[in-house]
**Q** 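Below you will find the structure I want to go over with you.
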Amino acid sequence: MWVEHLSRYVGETVTLRGWVYHRTRKGKLVFLRFRDGTGICQCVVFKPNVSEEVFEHARSVTQESSVVVTGTVREESRAPGGYEIDVQDFQILHLAVDYPITPKEHGPDFLLKHRHLWIRSPRQAAILRVRAGVERAIRDFLDGNGFIEADAPILTPSACEGTSTLFELEYFDLGNAYLSQSGQLYAEALAMALGKVYTFGPTFRAERSKTRRHLTEFWMVEPEAAFFTLDDIMDMAEDMVEYIVQYVLRHHRRELEFLGRNLEKLEKVRRPFYRMSYTEAVEWLRQHDVKLHRKTPDGKEILVDFPWGEDFGAPQEEALMEQFDKPCIVHRYPAEVKAFYMKRDPEDPRVVLAMDMLAPEKGGEIIGGSQREDDYEALKQRILEHNLPLEDFQWYLDLRKYGSVPHSGFGLGIERTVRWITGVEHIRETIPFPRMLYRIEP
RNA sequence: UCCCCGGUAGCUCAGCUGGUUAGAGCGGGUGGCUGUUAACCACUAGGUCGGGGGUUCGAAUCCCUCCCGGGGAGCCA
């Protein structure tokens, strides 16, 4: 018997097992806010209706004690949620002593140190339910479109996009290994075997970033498909994001409402999204006077017109997105600022066939993807230009040696997507146990 | 790595232009109340003012330094 099914049992006597979330004592009455993971329900203990012992238990029970409650379900407009339990029996399974998180305000440091308990709070539970919904929607969408889930390794022998942001570890007698920062290269190999695939798992970035958009360990889904072009992958990214948002709206409306999310704005997330090329975006930034902070050689900070060739930072992306009420794909970035494996645009060799999807409402970059370089010589050249160890990429070059085909893929960050959809300020609340620059516990 | 802000009771904070014995609310405890929604009322316990050093007759308060945390930049999902 769970709280979420309570409305079906009006008038009946039920037994619930769970935890005491809050207690109010009022003479001969005790109000207990009870939770069992599926919902919260008020239990009312009235002294004349129960034994001396049961009343004393209810009166003295503490926050987060585990309990078994038996009573009659009734509709009650004064109760949060509309239903309450008129308690007949009340047992304490385990009495909690000095539970640290109270219904009042706490600071982020305190809450993160108690993350193992913080997740019991209704708000955190709601966010984690939405996260589960986002993951379910992704699998639903990809499985339904013929993509095969194929897991990439987490321990890898080399970097995917450069060595500056890798977590390094010793791998027995074989030297150094690294925690994967992307499953993409393996996804490409899998796509050559299975056609349409996706990897889904944790990725690791040893970036020393301290913002509300960054984690050192985060989850990413990376679809990769043989014979897909940049246009195909952009269409698919739009389809997928539309599906995720509408799925969560359908299945987790209650949680989103509880979190205070503006649902009308999410309803609008329907195809087609907006698109612009990098060059058009630079043009827009210049027209709207969005400058770039630059440091001069003598250390002074100056503002300059946004130069073509520079990568966008968060301030530029945010400025760009203020005009949009749904996501926008920016495509065809300068080759210099993007990864070695991205294919050059045959119509303009200064740019690569890459795309990022930016979410509105300060959601930021949620997707990065590209058409991959499928020519053996061109790819080898890129690896050398990026000063990457050629021997580590022999297997990857093999994919261009034995039946190379055009192919494309993208990665979608789970936590950033959850942050945008729920509207929570900080990414640390979108994963059960966040890993950040200065925080690895609990 | 760089820039800005902060660290005082279990929690959230006030006090900080130096000056008696360091405060409030919440939480805990005790008592009161049959409708509470972060209840309310009364009483009560609870502090090496982040660590170290310095200035001073006197430091939570000023200076130096280290540690810890928050926000942002860069980089990125």
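Here is how names work: the chains are called A, B, and so on, in the same order as the sequence lines, proteins then strands, and each is numbered from 1.
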**Q** Would you tell me whether A/Y396 and A/E188 have side-chain atoms, one donor and one acceptor, within less than 3.5 Å of each other?
**A** yes

**Q** Could I get the full list of ring pair (Phe, Tyr, Trp, His ring centres under 6.0 Å) partners for A/F147, not counting sequence neighbours?
**A** none

**Q** Using a heavy-atom cut-off of under 4.0 Å over every strand shown, decide if A/I367 touches base, sugar-phosphate, or nothing.
**A** sugar-phosphate

**Q** Looking at A/R74, I'd like to know if its CZ atom is crowded, meaning that more than 12 non-hydrogen atoms belonging to other residues, nucleotides or ligands lie closer than 6.0 Å.
**A** yes

**Q** Select base, sugar-phosphate, or nothing to describe what A/H426 touches, counting heavy atoms under 4.0 Å on all strands.
**A** sugar-phosphate

**Q** Who does B/C43 pair with, Watson-Crick or G-U, both distances under 3.5 Å?
**A** B/G29

**Q** Is A/R205 close enough to B/G74 that one of its side-chain N or O atoms is under 4.0 Å from OP1 or OP2 there?
**A** no

**Q** Are there over 12 heavy-atom neighbours, none belonging to A/K362, within less than 6.0 Å of that residue's NZ?
**A** no

**Q** Any donor-acceptor pair, under 3.5 Å, between the side chain of A/H214 and the base of B/C76, if you only look at N and O atoms?
**A** yes

**Q** Donor-acceptor check, side chain of A/R261 to backbone of A/W420, threshold 3.5 angstrom: yes or no?
**A** yes

**Q** With RNA chain B as reference, determine whether A/D311 or A/G107 sits nearer its 5' end, using the nearest nucleotide of each.
**A** A/G107

**Q** Whole angstrom is fine here: how far is it from CZ in A/R208 over to P in B/G71?
**A** 17 Å

**Q** In B/S/- notation, 5' to 3', how is nucleotides 29-38 of chain B contacted by protein heavy atoms closer than 4.0 Å?
**A** ----BBBBBB

**Q** Let me know, please, whether A/Q316 or A/W219 comes out on the 5' side of the other along RNA chain B by nearest nucleotide.
**A** A/Q316

**Q** Between A/D305 and A/R286, does any NZ, NE, NH1 or NH2 come within less than 4.0 Å of an OD or OE carboxylate oxygen?
**A** no

**Q** Rounded to whole Å, how long is the line connecting atom NZ of A/K210 with atom C1' of B/C5?
**A** 10 Å

**Q** Could you check whether A/R428 gets within reach of a base, just the sugar-phosphate, or nothing at all, counting any heavy atom under 4.0 Å?
**A** sugar-phosphate

**Q** Describe the nucleic acid contact of A/R212 in one word from base, sugar-phosphate, nothing, applying a heavy-atom distance below 4.0 Å.
**A** sugar-phosphate

